[in-house]
There are 2 protein chains.
Amino acid sequence: MQMVTDACRADYNAARLAEFAERCHRDGLAVTPQRLAIIRALLASADHPRAEAVYNAVRREHPHISLATVHRTLETLCRIGEARKVTALHDSARYDGNTAPHHHVVCIGCRRIRDIEIPGVERLLDGRNELGEFRLIGCALEVHALCAQCQRRRNHRRQKIKGNN
Amino acid sequence: MQMVTDACRADYNAARLAEFAERCHRDGLAVTPQRLAIIRALLASADHPRAEAVYNAVRREHPHISLATVHRTLETLCRIGEARKVTALHDSARYDGNTAPHHHVVCIGCRRIRDIEIPGVERLLDGRNELGEFRLIGCALEVHALCAQCQRRRNHRRQKIKGNN
DNA sequence: TGCTACCTGAGAATTATTATCATTCATAAA
DNA sequence: TTTATGAATGATAATAATTCTCAGGTAGCA
Ligand SMILES: [Mn+2]
Ligand SMILES: [Mn+2]
Ligand SMILES: [Zn+2]
Ligand SMILES: [Zn+2]
C-alpha cells in the first residue's frame, strides 16, 4: 500500500489531455473551450475536487463560465469515462444500524445497498496505522454491482436502442 | 465473501435495542420516544435507509415527528456509535480525473482525499462476478483516517475539554 | 412534585444539484 | 469559406437534502 504521488501523474495527465479531443469526437461530443478547461482543471488537481472547486479553478481563465456548466460537464465526463466519482453514494446520507464490521454491495443503477462479509479486507491495512500524513482508522469496501431489476432494465433499454437502428 | 442475511440480524437487533437506553444514559442523552422509534426503525431495516425513509417508517407510530428530528437523531446516533453512515463522502460529489484503478484515503475530519494503491483489493472479489442477485462490476476501498491537521485539531480540543473539568 | 437542561416541532435558511430556455457556437456539409 | 444545424452554454428558476432557529415541551433528577 502506498500513496500515489503528484510526480507520477504528470505524464499521465499530459497523455489524457492529448487524447481528450479524440475521445470527445468518438462519443459525438463537441470539444468546447469549457470542456477543455474543466478536464484540464480536474487532471491538474490531485485532491478530488467538488464542482464548486473546479468552478473556482476554471473561472480564472473563463470568468464567464456558469456553475451549471461545470456540474453538467463533470457528469458528462463521468458518463464517457473521462472521469469518475469517488463514491457512488454521494446523493444523500445512508444510515446503517449494523455497527459490526462489514462491507457493502451497491447497485449503481438504483443505489440499493446490501451488507456483505468479506474476510481479509482489514488485513489489507494490517501492520500499518499510518500512511504519509494520515493516521489510519479503518476502511470500507464499496462493491459496485447491478441488482437483478437494474440488469433487466438495462437489457430492455439496449434492445430498444437496437430496434431504433 | 457472502451476503449477510436478514435472519442472522434478528438476535443482533434485539440485543442492540435492549442496550440502547443504557448507552444513551452513559452518553448523557435523554431516552425519548422519538429516539427509540428511530433506532428501532433503523435496526429493523436492512436496506441502509436515507433520513426520508426512516421518517416515513417512524411516522406510522409517531405521526407528529418532524423530519428535522429524524435528521438530527440519525446524526446523534452516529456520533455516539449506535449507527454509522455507509460512506463518509455523501455531502457533495467528489470528482476524480484519474481513471486508472486505485483507491482512496479519506480524512474523516475535513474530507481531504488522496489516492492510494493497494495491491490485492481486486483479488478479494476474484473468481466471482455474481453475488446473490447482484452482478459484480468493481470495487472501491475507502480508507478512513485523520490527516495531520485534523489530528492536531482533535488533540487541542481534547486538551481544552480536560481543562474545563 | 417541581427545576432545569436538553429535546422536539415547525418552518425558515442554506447548500448542492438539476431543469428550463433563449442565445451562442462547434462541426461538417456545401 | 460560408452556411446550416443540432448541441452546448449561461442565466436563472426549481428542486432536494440538510441544517438552523427558537418557542414550547419533557426526561431525568433532587
Ligand atoms: Mn451495512
Ligand atoms: Mn483518486
Ligand atoms: Zn438496482
Ligand atoms: Zn483532515
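Order of the sequence lines fixes the chain letters, A, B, ..., with proteins taken first and strands second; residue numbering starts at 1 for each chain.
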Starting at atom [atom1] of [X], determine the distance to atom [atom2] of [N], rounded to an integer number of angstrom.
{"X": "A:R79", "N": "C:dT18", "atom1": "CZ", "atom2": "P", "result": "13 Å"}
{"X": "A:Y55", "N": "C:dA16", "atom1": "OH", "atom2": "P", "result": "13 Å"}
{"X": "A:D91", "N": "C:dT17", "atom1": "CG", "atom2": "P", "result": "10 Å"}
{"X": "B:L67", "N": "D:dT21", "atom1": "CG", "atom2": "C1'", "result": "16 Å"}
{"X": "A:D27", "N": "C:dT27", "atom1": "CG", "atom2": "P", "result": "14 Å"}
{"X": "A:H71", "N": "D:dG10", "atom1": "NE2", "atom2": "P", "result": "14 Å"}
{"X": "B:L89", "N": "C:dA16", "atom1": "CG", "atom2": "C1'", "result": "15 Å"}
{"X": "B:H90", "N": "D:dA16", "atom1": "NE2", "atom2": "C1'", "result": "15 Å"}

Q.
For a salt bridge (charged side-chain N to carboxylate O under 4.0 Å, His left out) check, start with the C-alpha distance between A:D6 and B:R114, then their side-chain angles and the critical distance, and finish with the verdict.
A. CA-CA 10 Å; A:D6 288 0; B:R114 286 286 159 173; 3.8 Å; yes
Using modelled atom types and a 3.5 Å cut-off, is there a donor and acceptor pairing between side-chain atoms of [X] and backbone atoms of [Y]?
{"X": "B:E130", "Y": "B:R135", "result": "no"}
{"X": "A:H102", "Y": "A:A100", "result": "yes"}
{"X": "A:E142", "Y": "B:L141", "result": "no"}
{"X": "B:N13", "Y": "B:L43", "result": "yes"}

Are there any protein N/O atoms within less than 3.5 Å of an N/O atom in nucleotides 28-30 of chain C, and if so, which ones and at what distance?
none

Could you tell me whether [X] and [Y] have a side-chain N and a carboxylate O separated by less than 4.0 Å?
{"X": "A:R79", "Y": "A:E75", "value": "no"}
{"X": "A:D96", "Y": "B:K85", "value": "no"}
{"X": "A:R112", "Y": "B:D47", "value": "no"}

(Q) A quick test of your reading: do over 12 heavy atoms of other residues, nucleotides or ligands sit less than 6.0 Å from CZ of A:R123? (A)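 Not buried by this count: 12 neighbours or fewer within 6.0 Å.
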Q: Report, as a single string ordered 5' to 3', how protein heavy atoms within less than 4.0 Å touch nucleotides 5-14 of chain C: B base, S sugar-phosphate only, - not at all.
A: --SBBBB---
